Amino acid sequence: MHCKNRCLRPQDPATPHAVPMKRMQMLKYHHPSTPPTTKLPFRSSSSSPPDPRVVIDFLQRKRKSPNNEQQEREKEKVQSPDEWNDEELRSLLSSASFTQTHLLQVIRALNDTQTALRFIDWASCHHSPPLHGPSAFQTLFDAASRRLPNPHLRLQELLHQSRLRGLPLSADSASLLIHSFSAVGWVSQSLQIFHDLKPHLRKTPLYNHLLHLLFKSDRPSDALSLAHHMFDSGRRPNQVTGAILFSALLKRSNHGIDEDSIARLVLELGRHGVFPDPVQLTQWITRLCRNCGTVKAWDLLHALKDLGAELQVPSFNALLASLGRERDFHRMNLLLAEMKEMGVEPSVITHGILINQLCKSRRVDEALQVLDKMGKGDETAPDVVTFNTLIDGLCKAGRQDEGLGLMDRMLMQYNCSPNIVTYNCLMDGFCKAGELDNARELFDGMPEQGVPPNVITMNTIVDGMCKNGRISSALQFFKELRGKGLEGNAVTYCSLIGASLHVNNVTKAMELFEEMVSGGISPDSVTYFTLISGLSQAGRLEEASSVASSMEEAGFHLDVASYNVLISGFCRKKKFEEAYKMLKRMEEAGVKPDEVTFNTLIAALCKGGDILTANEVMSKMIEEGCVPSVVTYGALIHGHCKVGNLDEALKLFRSKAASGIRPNAVIYNILIDYLCKGNELDSALSLMDEMRAEGVFPTATTYNSLFKGLRDRNLLDKAYELMDKMNEQGCNPDYITVEILTEWLSAVGETTRLRRFVQGHEVSVSSM
DNA sequence: ATAGGGTTAG
């Protein structure tokens, strides 16, 4: 009786000891799915099984001890079972009750792997029923994994032997091997084992282990594919799967991966009842909002809600805040209604988000109403952040006095102490309103309230002083605080530099810049822009260009606005070559010229009377996908006026107005100015009427042009009429208005009317 | 929840 193809025949004369590899790979072992059909003849019917100990002794006694060379050679081969006296071993194991279990006991008890392998091979052929190979190897793996040190090396060798025999791994063997290999970082070996495993043996815990391994090995996208593979093959995730995926995918290091794919994964887990905890869900929502927009986050939240996930206020808050940032009040209201319906109580944060949104939308009174609806003295009571939001809102709406009042109220009615932010907001409000003294008073009171000023406080006041033209006070204040240990930062210097440039004090600006850099404060992109813009406007293009170079050297890229400001500077100096060079540099740097870039060039060309080239640039503008706007046509209209072609200017004005481009005050002002200069005062006046009829309010510039025209013709009464209109309309005269009228009205002895005008009273009635 | 800029036509 031969066991062809199923086992190695011990009597095969060609290969008594070493079996060629090809033959080896043909070895087929007994496998549960392919039960042996052949019955072996040497089964005895009798008696109890022999003591496994006896078998073990036999196996070990009979085993030849091969020399090292032989051992090396034989490693790659399945050991021939011929080494034992076949008949003797057969009779030893012939008892019918010597089962698979006993065989495994024998294998387990054999200390020596080589002997064990030989025995497995023998028993797979000669025993009846044949030994089940995968189980035998599982026994070997199990034993090897317990022996220290380096069980993984022994397991690797055994795995090799198992593969040589074409044996599939049992689920337990695979799990054991994967655990051992992954513990020493053998990721691809672990994956290979998993891959070779029959799909029905790939159980959830094994998936979990590999998912964990892949994340630990910094292969998040592989982990993600494995997870998707898991779901696709119908394997159910459990809580552990969820715990691994949720926490790993929220880590900073795993932020590169596709959010969509993650969202799908979260949903898939949810379908199996595995949900992120409320904190994780909130983090997901925040991240989805930031990276993919609120719609994705909205969908996820609602899908999870439908799947029965536990939803808590913070998750809603995250979504509400993001909807607020997008000004999506409709969805905010829907979500709030849903919360109410689900019985999720809004928290202080929820109310804070609402208040913040209302304030940012300039609806401060409604925000104050929300405050009144909140609790007092319980956990739904407004906190310092709530008050700060409101105070800031009031200040930004120019209601800084009410802000101050609210600061008192928060302490008195809510027992809530103002903090540094409260003070900073209020001081900013006073500074922006030009009430520097009030700001200073608050500042001086801070230490005794136990709220020491910080760098934001300093910057707020420094900027306030700068914006109110008090640069030397600002410098003085800065110096004073430095003496008290407060250090400035890029923002401090930015305010000071910007203000210096604003008053054309380039020397001071550069000095401050030097001081800043030598003080170890790195300029940021805002500082660079401030410098470039200020220097360009001051006509210091060389310096501006060199700052732009340092900006690039510092690793910042110039943005469109920076290039535009430089181009505009060169244009103002009529250095068109330089302007075009800058345009080229900009394009080379990959920054696309925008509407402003083209308008700058067109305006400069028009100003120089080169309408032809201006039109060419406008064609390029359209080619590049930019749409000419009111500003573009305004520049061209100005160009036509400039070269004395008022008719062409009006023609363009009419045609563009007809095609739906609404002229603005600037365009009317240009035309009115040139009409006045061209002695067409009546047309100018009727254009102003038209302007009003179109809903465009005349500005001081409009009136200035007309006053000049009227003065040249000495049309006093018409001037009084306009002065009244100006007052009625609430249009403040600027210094030019005052200059023209002062000169004209004093010359004709009508200074009273001028005074009344400046004070805002009616001037045309002569009974004064 | 707080601080600095935002370019073009009169």
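Predicted model, so just to flag it, every value in this text is computed and none were measured.
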*Heavy atoms under 4.0 Å, any strand shown: does A:Ala665 hit a base, just sugar-phosphate, or nothing?*
nothing

_N/O donor-acceptor pair under 3.5 Å between A:Asn664 side chain and A:Ile667 backbone_ = yes

*Can you check whether A:Phe443 and A:Phe477 have ring centres sitting under 6.0 Å from each other?*
yes

*Name every residue in residues 448-457 of chain A that has at least one heavy atom under 4.0 Å from any atom of DNA chain B, in order of residue number, or write none if there are no such residues.*
A:Ile456

_I'd like to know if A:Asp365 and A:Arg399 make a salt bridge, using a cut-off of under 4.0 Å between side-chain N and carboxylate O._
yes

*Checking side-chain contact (heavy atoms from CB on, under 4.5 Å) for the pair A:Phe576/A:Leu605: CA distance, chi angles, key distance, verdict?*
CA-CA 9 Å; A:Phe576 290 106; A:Leu605 289 163; 4.3 Å; yes

*Report which part of the nucleic acid A:Asp673 touches: base, sugar-phosphate, or nothing (heavy-atom distance under 4.0 Å, all strands).*
nothing

*Donor + acceptor pair across side chains of A:Thr386, A:Thr389 (<3.5 Å)*: no

*Least distance between heavy atoms, A:Ile391 atom then A:Gly403 atom*: CG1-O, 3.8 Å

_Just to be sure I understand the rule, does A:Val384 reach a base, reach only the sugar-phosphate, or reach nothing, if contact means heavy atoms closer than 4.0 Å?_
nothing

*asked:* At 4.0 Å (heavy atoms only), tell me whether A:Lys396 reaches a base, stays on the sugar-phosphate, or touches nothing.
replied: sugar-phosphate

_Does either side chain, that of A:Asn356 or that of A:Lys360, offer a donor lying less than 3.5 Å from an acceptor on the other one?_
yes

_Any residue meeting ring pair (Phe, Tyr, Trp, His ring centres under 6.0 Å) with A:Tyr563, in chain and number order, not counting sequence neighbours_ = none

*Check DNA chain B against residues 509-531 of chain A and give the residues with a non-hydrogen atom under 4.0 Å, in numerical order.*
A:Asp524, A:Val526, A:Thr527, A:Phe529, A:Thr530

*With a 4.0 Å cut-off, would you call A:Glu515 and A:Lys479 a salt bridge?*
no

*Taking only residues at least two apart or on different chains, which pairs with a member in residues 494-503 of chain A satisfy side-chain hydrogen bond (donor to acceptor under 3.5 Å, both in side chains)?*
A:Asp463-A:Ser495

*asked:* The criterion is side chain to side chain donor-acceptor pair (under 3.5 Å); which residues satisfy it with A:Glu616, sequence neighbours excluded?
replied: none

_Within the 4.0 Å heavy-atom criterion, would you say A:Thr701 contacts the bases, only the backbone, or no part of the nucleic acid?_
base

*Heavy-atom contacts under 4.0 Å between residues 569-594 of chain A and DNA chain B, which residues?*
none

*Centre of A:Tyr414's six-membered ring, under 6.0 Å away, within 45 degrees of the axis: is that where NZ or CZ of A:Lys376 sits?*
yes

*Can you list the residues that meet the ring pair (Phe, Tyr, Trp, His ring centres under 6.0 Å) rule with A:Tyr633, with sequence neighbours excluded?*
none

_Neighbours of DNA chain B within residues 465-487 of chain A, by heavy-atom distance under 4.0 Å_ = A:Lys467

*Is there any side-chain hydrogen bond (donor to acceptor under 3.5 Å, both in side chains) pair reaching into residues 600-612 of chain A, and which pairs are they, with sequence neighbours excluded?*
A:Asp610-A:Thr613

_Within the 4.0 Å heavy-atom criterion, would you say A:Thr699 contacts the bases, only the backbone, or no part of the nucleic acid?_
base

*asked:* Reading DNA chain B from 5' to 3', where do the contacts with chain A start and stop? Cut-off is 4.0 Å to heavy atoms.
replied: B:dA1 to B:dG10

*Verdict with supporting geometry, A:Thr457 and A:Met427, side-chain contact (heavy atoms from CB on, under 4.5 Å)*: CA-CA 8 Å; A:Thr457 319; A:Met427 284 183 293; 3.2 Å; yes

*Decide whether A:Ser686 and A:Ser683 meet the rule of one side-chain donor and one side-chain acceptor closer than 3.5 Å.*
no

*No-hydrogen, no-angle side-chain donor-acceptor test under 3.5 Å, A:Asn424 and A:Thr460*: no

_Strand-adjacent residues in residues 409-424 of chain A, judged by heavy atoms under 4.0 Å from DNA chain B_ = A:Asn419, A:Val421, A:Asn424

_Once side chain to side chain donor-acceptor pair (under 3.5 Å) is applied, do any residues pair with A:Ser322, and if so which ones, sequence neighbours excluded?_
none

